[in-house]
*Asks:* 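Let me give you the structure first, and then I'll get to my questions.
Throughout, protein chains are lettered first and strands after them, A, B, ... in sequence-line order, and every chain is numbered starting at 1. Values in this document were obtained by computation on a predicted structure and should not be read as measured data.
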Amino acid sequence: MIDGKLKVCIDFKSPYAFVAHQFIWSIETEYGYEIDWLPLTLNIGSFLGTATKQAGGQVSASNRSPQQWSVVKEAYRDARRYAEHQGLTLKGPLKVWDSSFASMALIWSQSKAPTRHHLQRFMTTLFQRFWIRDFDLQDIQALCALMQASAIESDGFNRFCAEEGRQQHDALQEQLLAQGVYGVPTFLIDDEVFFGREQIDTVLWRLQGSVGPMPLLRYPWGDKGSAAI
Amino acid sequence: MLQSDRCYLLVDLRTAESLIALKSVGLWSMQFNVPLTVLPFIKPPLNTAKDVPKGAADLEAYKALRSEARRRVRHMELQRDMQRLELATMEGLDASQWQQLNSALLHTKDNPLAPMVLFNALHGCFVAATKAERDSARQALSVLLKAHYPLYGERFGPAVQAELTSLSDLLESEGVLSSPSIWFQGEVYRGAAHLPLLSARASALQRSEW
């Protein structure tokens with residue numbers, strides 16, 4: 001058995017993190033390995049360019065190359081296959097979001113949530129509302145309201161975002177990049193990095209002592225978010 | 001060019017990922033009785049960051065850090081893939097031999113080779129421990145390829161290169177972005193990690209045919 005705690009890096013604006021989220025939670029709820037959630041705020045523009053769409057879906061501004069568009073469209077098409085199978089709605093965002101406040105909300109909520117169940121509820125609601133375009137990731141007050149609805153203390157979050165939270169967040173981004181985290185979801189066990197939700201079986205295998213052959217990569221295909229090794 | 005009643009596995013046999021896909025998708029096709037054709041898809045690895053215009057110093061620093069992180073994780077994944085393949089190395093074939101292998105897949109004779117047989121023959125070349133075993137495995141691979149692929153053994157010249165490029169371009173226009181990919185029922189799936197989903201779709205297809 002591995003003694004090191006499992007760390008999982010996510011970003012609420014990632015469609016892959018969205019469709020992986022419940023499966024990742026099952027590593028804790030079904031297999032008993034407590035997860036240390038770490039926010040990685042992706043700078044999407046640095047590797048996929050940027051684009052803005054109107055509400056009807058027409059692109060109003062973009063600096064993306066044809067290949068970047070192909071990759072983005074394929075990513076959403078693919079994530080949507082898996083979202084629909086889980087009964088989730090995934091609507092493509094109308095702009096490239098700055099999710100750093102939501103990332104700080106994750107840092108905050110993880111320390112303030114009365115139980116892990118409250119944290120899971122907060123994260124699940126945030127993901128689900130964002131992906132139906134019903135949540136502004138850049139709105140601190142909306143994040144506070146969501147914390148309150150999840151019974152998580154929100155007093156002081158505003159100041160946290162301006163001071164300590166921002167410092168923690170920015171330092172974490174540098175630390176994670178240096179460790180090899182460049183996308184989400186990423187799993188960290190000690191110094192080993194596992195990128196992508198297709199690694200969940202391998203992560204569990206590693207956590208359980210690497211007994212038997214290493215599992216092949218596979219995207220979880222359950223109907224209720226079970227890792228089902 | 002792609003037939004809707006077949007499944008296609010698009011590979012670059014030089015990579016461990018494609019070798020794993022050859023085995024797992026090959027087994028899947030047998031399990032679900034789905035006709036499978038293996039074709040080469042040879043393109044440089046995807047790198048969308050290169051299309052981002054040069055920016056301010058902090059953006060460039062971020063891009064460099066991210067690129068290095070990506071390189072490190074790809075290396076870790078390659079090591080894990082080698083463990084999954086139970087191989088210590090995939091070295092030993094030179095660039096022209098790999099080119100011949102990939103381009104051989106462009107055409108098959110009347111008796112197509114089962115993907116699992118190709119996997120076993122290729123895997124045998126790398127798992128061999130001694131020089132004599134390696135020579136013997138390569139000889140067996142060569143005999144097998146000559147029996148099934150008319151292009152194998154031909155000089156890798158401009159005509160074959162052009163055909164390889166043309167096929168890869170065509171597949172790209174069908175939505176294929178990287179190797180290995182799977183084309184099934186008109187949709188592209190990147191990587192063999194999609195097999196649980198594909199199993200569900202193949203089962204549904206079988207039920208509908210009954």
Side-chain angles (χ1 to χ4, degrees), chain A residues 40 42-50 63-75 77-78 81-82 84-85 173-183 186-188 191-202 205-206 210 213-223 228, chain B residues 17 20-21 23-25 27-28 43-44 46-53 55-56 58-77 79-86 172-173 175-178 181 187-201:
Chain A
L40 179 77
L42 295 165
N43 180 342
I44 303 276
S46 75
F47 59 97
L48 282 174
T50 57
N63 68 357
R64 283 185 174 144
S65 68
Q67 189 183 52
Q68 288 170 334
W69 271 119
S70 296
V71 169
V72 169
K73 285 178 182 173
E74 195 268 347
R77 190 166 48 240
D78 187 44
R81 286 171 179 148
Y82 287 87
E84 285 171 1
H85 188 65
Q173 304 313 300
E174 286 185 25
Q175 185 194 321
L176 290 175
L177 267 175
Q179 206 171 339
V181 182
Y182 68 94
T186 288
F187 305 81
L188 298 169
D191 290 333
E192 194 171 6
V193 184
F194 303 82
F195 170 56
R197 70 190 192 283
E198 64 271 36
Q199 303 273 2
I200 289 177
D201 290 347
T202 308
W205 175 81
R206 191 66 99 210
S210 309
M214 183 184 287
L216 296 178
L217 300 180
R218 67 174 194 108
Y219 295 116
W221 185 252
D223 56 1
Chain B
E17 244 185 307
I20 289 173
K23 181 178 182 181
S24 55
V25 180
L27 286 170
W28 169 85
K43 289 274 179 184
L46 273 180
N47 179 10
T48 54
K50 71 176 175 16
D51 294 345
V52 175
D58 58 343
L59 175 68
E60 293 307 306
Y62 178 88
K63 281 161 70 177
L65 272 174
R66 189 175 180 279
S67 170
E68 172 57 18
R70 196 162 171 249
R71 191 198 60 74
R72 279 183 56 195
V73 173
R74 286 175 75 90
H75 180 68
M76 282 186 205
E77 198 51 45
Q79 288 179 318
R80 285 194 289 263
D81 277 347
M82 295 301 283
Q83 195 176 338
R84 291 183 180 107
L85 284 165
E86 298 179 26
E172 196 173 44
S173 72
V176 179
L177 293 169
S178 59
S181 283
E187 288 189 54
V188 179
Y189 301 85
R190 282 177 71 190
H194 285 290
L195 282 178
L197 179 162
L198 289 168
S199 297
R201 300 230 159 139

*Asks:* Could you walk me through whether A:S65 and B:T48 pass side-chain contact (heavy atoms from CB on, under 4.5 Å), step by step?
*Replies:* CA-CA 8 Å; A:S65 68; B:T48 54; over 6 Å; no

*Asks:* When heavy-atom pairs shorter than 4.5 Å are enumerated against chain A, which of B:R71, B:M76, B:E86, B:K50 gives the highest number?
*Replies:* B:M76

*Asks:* Before accepting this row, confirm whether a basic side-chain N of the pair A:R81/B:E187 lies closer than 4.0 Å to the acidic partner's carboxylate O.
*Replies:* yes

*Asks:* Nearest 0.5 Å, what's the CG-CH2 distance between B:L198 and A:W221?
*Replies:* 9.0 Å

*Asks:* With a 4.5 angstrom heavy-atom cut-off, is it the side chain or the backbone of A:V181 that approaches chain B, or both, or neither?
*Replies:* backbone

*Asks:* Under a 3.5 Å distance rule, please check whether A:R64 uses its side chain to pair with a backbone N or O of B:V52 as donor and acceptor.
*Replies:* no

*Asks:* With a 4.5 angstrom heavy-atom cut-off, which part of B:R72 approaches chain A: side chain, backbone, both or neither?
*Replies:* side chain

*Asks:* Is there side-chain contact between A:Y219 and B:L197, with at least one heavy-atom pair below 4.5 Å?
*Replies:* no

*Asks:* Could you give me the CA-CA distance, side-chain angles and deciding distance for A:N43 and B:L59, then say whether side-chain contact (heavy atoms from CB on, under 4.5 Å) is met?
*Replies:* CA-CA 9 Å; A:N43 180 342; B:L59 175 68; 3.9 Å; yes

*Asks:* Determine whether B:E77 and A:Q199 make a side-chain contact, defined as any pair of heavy atoms from C-beta on separated by less than 4.5 Å.
*Replies:* yes

*Asks:* Calculate, to the nearest 0.5 Å, the distance between atoms CD and OG belonging to B:Q83 and A:S210 respectively.
*Replies:* 7.5 Å

*Asks:* Roughly how far, to the nearest 0.5 Å, is NE2 of B:H194 from CG of A:D78?
*Replies:* 4.0 Å

*Asks:* Does the B:R84 side chain pair with the main chain of A:P215, one donor and one acceptor, at a distance under 3.5 Å?
*Replies:* yes

*Asks:* Side chain of A:R218, backbone of B:A193: donor and acceptor closer than 3.5 Å?
*Replies:* no

*Asks:* Between CG of B:L195 and CG of A:L216, what distance do you get to the nearest 0.5 Å?
*Replies:* 8.5 Å

*Asks:* Is it the backbone or the side chain of B:R190 that comes under 4.5 Å from a heavy atom of chain A, or both, or neither?
*Replies:* both

*Asks:* Is the shortest distance from a Lys or Arg side-chain nitrogen in A:E192 or B:R80 to a carboxylate oxygen in the other one below 4.0 Å?
*Replies:* yes

*Asks:* For A:F194, check ring-ring contact (aromatic ring centres under 6.0 Å, His included) against everything at least two apart and list the hits.
*Replies:* none

*Asks:* Does the structure place the NZ or CZ of B:R70 under 6.0 Å from the centre of the six-membered ring of A:F47, at an angle of no more than 45° from the ring's axis?
*Replies:* no

*Asks:* Which distance, rounded to the nearest 0.5 Å, do you find between the CG of B:L46 and the CD of A:Q68?
*Replies:* 11.0 Å

*Asks:* Just how far is it from atom CG of A:L48 to atom CG of B:D51, taken to the nearest 0.5 Å?
*Replies:* 10.0 Å

